[in-house]
Amino acid sequence: MRKKVIAGNWKMNKLLNEAEDFVTDVKGDVPSFDQVETVVVAPFTHLHPLVQKAAGSDVKIGAQNMYHEDSGAFTGEVSPEMLKDIGVDYVVLGHSERRELFAETDESVNKKVHASFKHNLTPIVCVGESDEQREADQASEVVEAQVKKALEGLTNEQVQDVIIAYEPIWAIGTGKTATAEDANAMCAHIRNVVKSYANEEAANRLRVQYGGSVKPANVEELLGQSDIDGALVGGASLKADSFLQLVEAGKHE
Ligand SMILES: O=C(CO)COP(=O)(O)O
């Protein structure tokens, strides 16, 4: 059985004191790491203080992006080595907002995935189709191409530690959620795509999250599906009480 991962992607929200208060509020109430992985994915400026706030608790901290090189003349970028150095454990890669607004490509995501393994960061790789692509019946192939490129060149040992977040773009921040059945079908498709080039065991261990308007009211149905192993949550992760409800729903005994 795959352990669920509930990750709150704050995007560009919260000032430092609000972020610290949030972690202080939730850290005593989240289930143990053995029951569910709880990740707060925060802006770069907040990462180090949040790692310190979360120390000794079951809350892990993730970054929203990074560059693929260790160091050098890359003004404005943050390296995987820097993230690891301050105690960050996860990194979200290829979010649709980064693909759309900041020219992130499947190639750059693949480089970053390799860099995350070099520095022992767990990558949360985002994939998902647009409204137009879904309307044109291209969702499966779009997602398949994104997954194949993102994971290109990984070993089976690495593949099993990847987290893929299936986030249909039309469901992000819109209040529209994919039906639990549709979301599950795409998550199962993703696992089958992985099986076509990694071994069965690695593909069965890899976790696939759903993201897009996940909230306390729909999380249980989504997480109850056979191939949905967690959630990547924007809006509903910003308040401590709703975030805790989401994490609680991911818990197994
Ligand atoms: O983009 C998302 C998480 O990465 C989803 O955002 P919402 O939960 O606000 O729809």
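Sequence positions, counted from 1, serve as the residue numbers for this chain. Whatever order the structure lists ligands and atoms in, that order sets their numbers, starting from 1. From a predicted model like this one, the values you see are computed outputs, not experimental measurements.
- Looking at Lys11 next to ligand 1, an N or O pair under 3.5 Å apart turns up.
- Here the CG atom belonging to Leu206 is positioned 4.5 Å from the CD1 atom belonging to Ile164, to the nearest 0.5 angstrom.
- In summary, the atoms of ligand 1 found under 4.0 Å from a heavy atom of Gly173, numbered by their order in the structure, are 7 (P), 9 (O), 10 (O).
- Near Asn9, the atoms of ligand 1 lying under 4.0 angstrom from a non-hydrogen atom of the residue are 3 (C), 4 (O).
- For the residue pair Tyr210 / Gln225, no side-chain donor-acceptor distance below 3.5 Å is found, with atom types taken as modelled.
- Comment: Glu81 does not engage Lys84 in a salt bridge, judged by the lack of any side-chain N to carboxylate O separation of less than 4.0 angstrom.
- Side-chain atoms of Ser108 and Glu104 form a donor-acceptor pair, as typed in the model, at a separation below 3.5 Å.
- Scanning the protein for heavy atoms near atom 8 (O) of ligand 1, the closest one is Gly234 N, 2.8 Å.
- Taking only nitrogen or oxygen atoms, main chain and side chain alike, His95 reaches within less than 3.5 Å of ligand 1.
- Atoms of ligand 1 lying under 4.0 Å from at least one heavy atom of Ala171, given by number and element, are 10 (O).
- When each of Glu97, His95, Lys112, Glu77 is paired with Asn65, the side-chain hydrogen bond (donor to acceptor under 3.5 Å, both in side chains) condition holds for Lys112 and for no other.
- In this structure, CG in Asn204 is found 9.0 Å from CG in Asp227, a value given to the nearest 0.5 Å.
- Protein heavy atom closest to atom 2 (C) of ligand 1, with residue, atom name and distance, is Glu167 OE2, 3.1 Å.
- Looking at atom 9 (O) of ligand 1, its nearest protein heavy atom turns out to be Gly235 N, 2.8 Å.
- The closest approach between a heavy atom of Ala236 and any atom of ligand 1 is not below 4.0 Å.
- Inspection of the Glu129 and Trp170 side chains reveals an N or O donor paired with an N or O acceptor under 3.5 Å.
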